[in-house]
Amino acid sequence: LNSQNPLKLLNTEISDYVTEKQKEIEELKRMETFRREFLANVSHELKTPIFAAQGFVHTLIDGAIDDPEVAIRFLNKAAKSLDGLDALVRDLVVLSQVETGELKMQFEVLDLVRITEDIFEQLEDKATKRDTKLKIKPAKIQECLVVADPQRIYQVLMNFIENAIKYGKDHGKVTVVFEEQKKHYTIAVEDDGPGIPQEHINRIFERFYRVDKSRSRETGGTGLGLAIVKHILSAHNSSVSVTSKPGKGTRFSFSLLKAD
Ligand code: ADP
């Protein structure tokens, strides 16, 4: 029998070993390409606000400072670029911590309705600027108790709701919907904006991926929000579902364990 032939056995073992090593090499190559691309992306993203701030400051030094009105305008622009840089570095730190598992989740019982109301308050100015209505459904819901990390879930909801305002339409509506299941709550953030074209949907969770680069930068996005969200939810044994209809809107949803 073949299986008892020592030479044949040795042959199979060697070939298995080679296949395994080949796989390891492929994986290492993939990681190296990924690392190189990530570094290139990060450098590019860092350079953009740095160059902008530099430009404004140099123009000021070269004389623009003499006109107080121009000076204020340029200083504001420089400050905005530096704020963007600050947000980017913060997001990079969080992303690297969630990716390496360094950021330990602190699970506790929390009320998502209260968190949503806090976020609505935080985003009031941004919503007013676009005349976006912020709503909770069912309107009468008192509380939604789940087991989760409060700070991280705040960040998740903040990201979805802020995106819904940013990428939604003027005079639109953003609704946070709570749906009770047997053991979970499903939480959805819905907008009635232009939606996300199908071919982009699977990619929006990648670092720095944006459907419309200029729009995202102009609204102050780092392009890391959804990548961070995905990792945080995965640390909660949860994942994100996205459905989007062009011209009708987008719905991001996830589930969290109910507190009992
Ligand atoms: P950003 O910092 O660019 O907002 P995110 O990771 O939060 O980064 O989102 C990635 C991209 O997904 C955005 O640039 C935008 O193109 C798209 N996106 C996210 N949410 C929505 C939404 N509610 N409607 C339409 N597009 C969206």
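Starting from 1, each residue takes its place in the sequence as its number. First listed ligand is number 1; within each ligand, the first listed atom is number 1.
When the heavy atoms of Tyr209, Phe160, Phe208, Tyr167 are ranked by distance to atom 11 (C) of ligand 1, first place goes to Tyr209. Counting heavy atoms only, Leu226 comes closest to atom 6 (O) of ligand 1 of the residues Asp212, Leu88, Leu226, Ile201. Taking each of Ile161, Asn159, Val229, Ile204 in turn, the one with a heavy atom nearest to atom 17 (C) of ligand 1 proves to be Ile204.
More than 12 heavy-atom neighbours from other residues, nucleotides or ligands sit within 6.0 angstrom of CD on Gln181. Within 6.0 Å of CG in Asp16 there are more than 12 heavy atoms belonging to other residues, nucleotides or ligands.
For ligand 1 and Val211, the ligand atoms under 4.0 Å from any heavy atom of the residue are 16 (O). The ligand atoms of ligand 1 that sit less than 4.0 angstrom from a heavy atom of Lys166 are 4 (O). Close approach of ligand 1 to Thr250 (heavy-atom distance below 4.0 Å) involves ligand atoms 24 (N). Which parts of ligand 1 touch Thr222 is read off a 4.0 Å heavy-atom cut-off, strictly below it: atoms 2 (O). Applying the 4.0 Å criterion to heavy atoms of Arg210 picks out, from ligand 1, the atoms 3 (O), 14 (O).
The CD1 atom of Ile165 lies 10.0 Å from the CG atom of Asp191; values are rounded to the nearest 0.5 Å.
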**Prompt:** Could you walk me through whether Glu24 and Lys21 pass the salt bridge (Lys or Arg N to Asp or Glu O under 4.0 Å) check?
**Reply:** CA-CA 5 Å; Glu24 280 177 27; Lys21 286 295 153 197; 3.2 Å; yes
**Asked** Should Lys129 and Asp125 be marked as a salt bridge (Lys or Arg N to Asp or Glu O under 4.0 Å) after you check the CA-CA gap, both sets of side-chain angles, and the distance that decides it?
**Response** CA-CA 6 Å; Lys129 265 195 197 131; Asp125 287 353; over 6 Å; no
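Distances from ligand 1 to the non-hydrogen atoms of Gly223 include at least one value under 4.0 Å. Phe205 does not count as a contact of ligand 1, since none of its heavy atoms falls under 4.0 Å from the ligand.
Contact annotation: for Ile196 versus ligand 1, heavy atoms closer than 4.0 Å belong to the side chain alone.
With Thr186 as reference, Ser255 is the one residue of Ser253, Ser255, Ser241 to meet the side chain to side chain donor-acceptor pair (under 3.5 Å) rule.
Distance alone, capped at 3.5 Å, places no donor-acceptor pair between the Arg207 side chain and the Leu95 backbone. No side-chain donor-acceptor contact under 3.5 Å links Asp192 to the backbone of Gly249.
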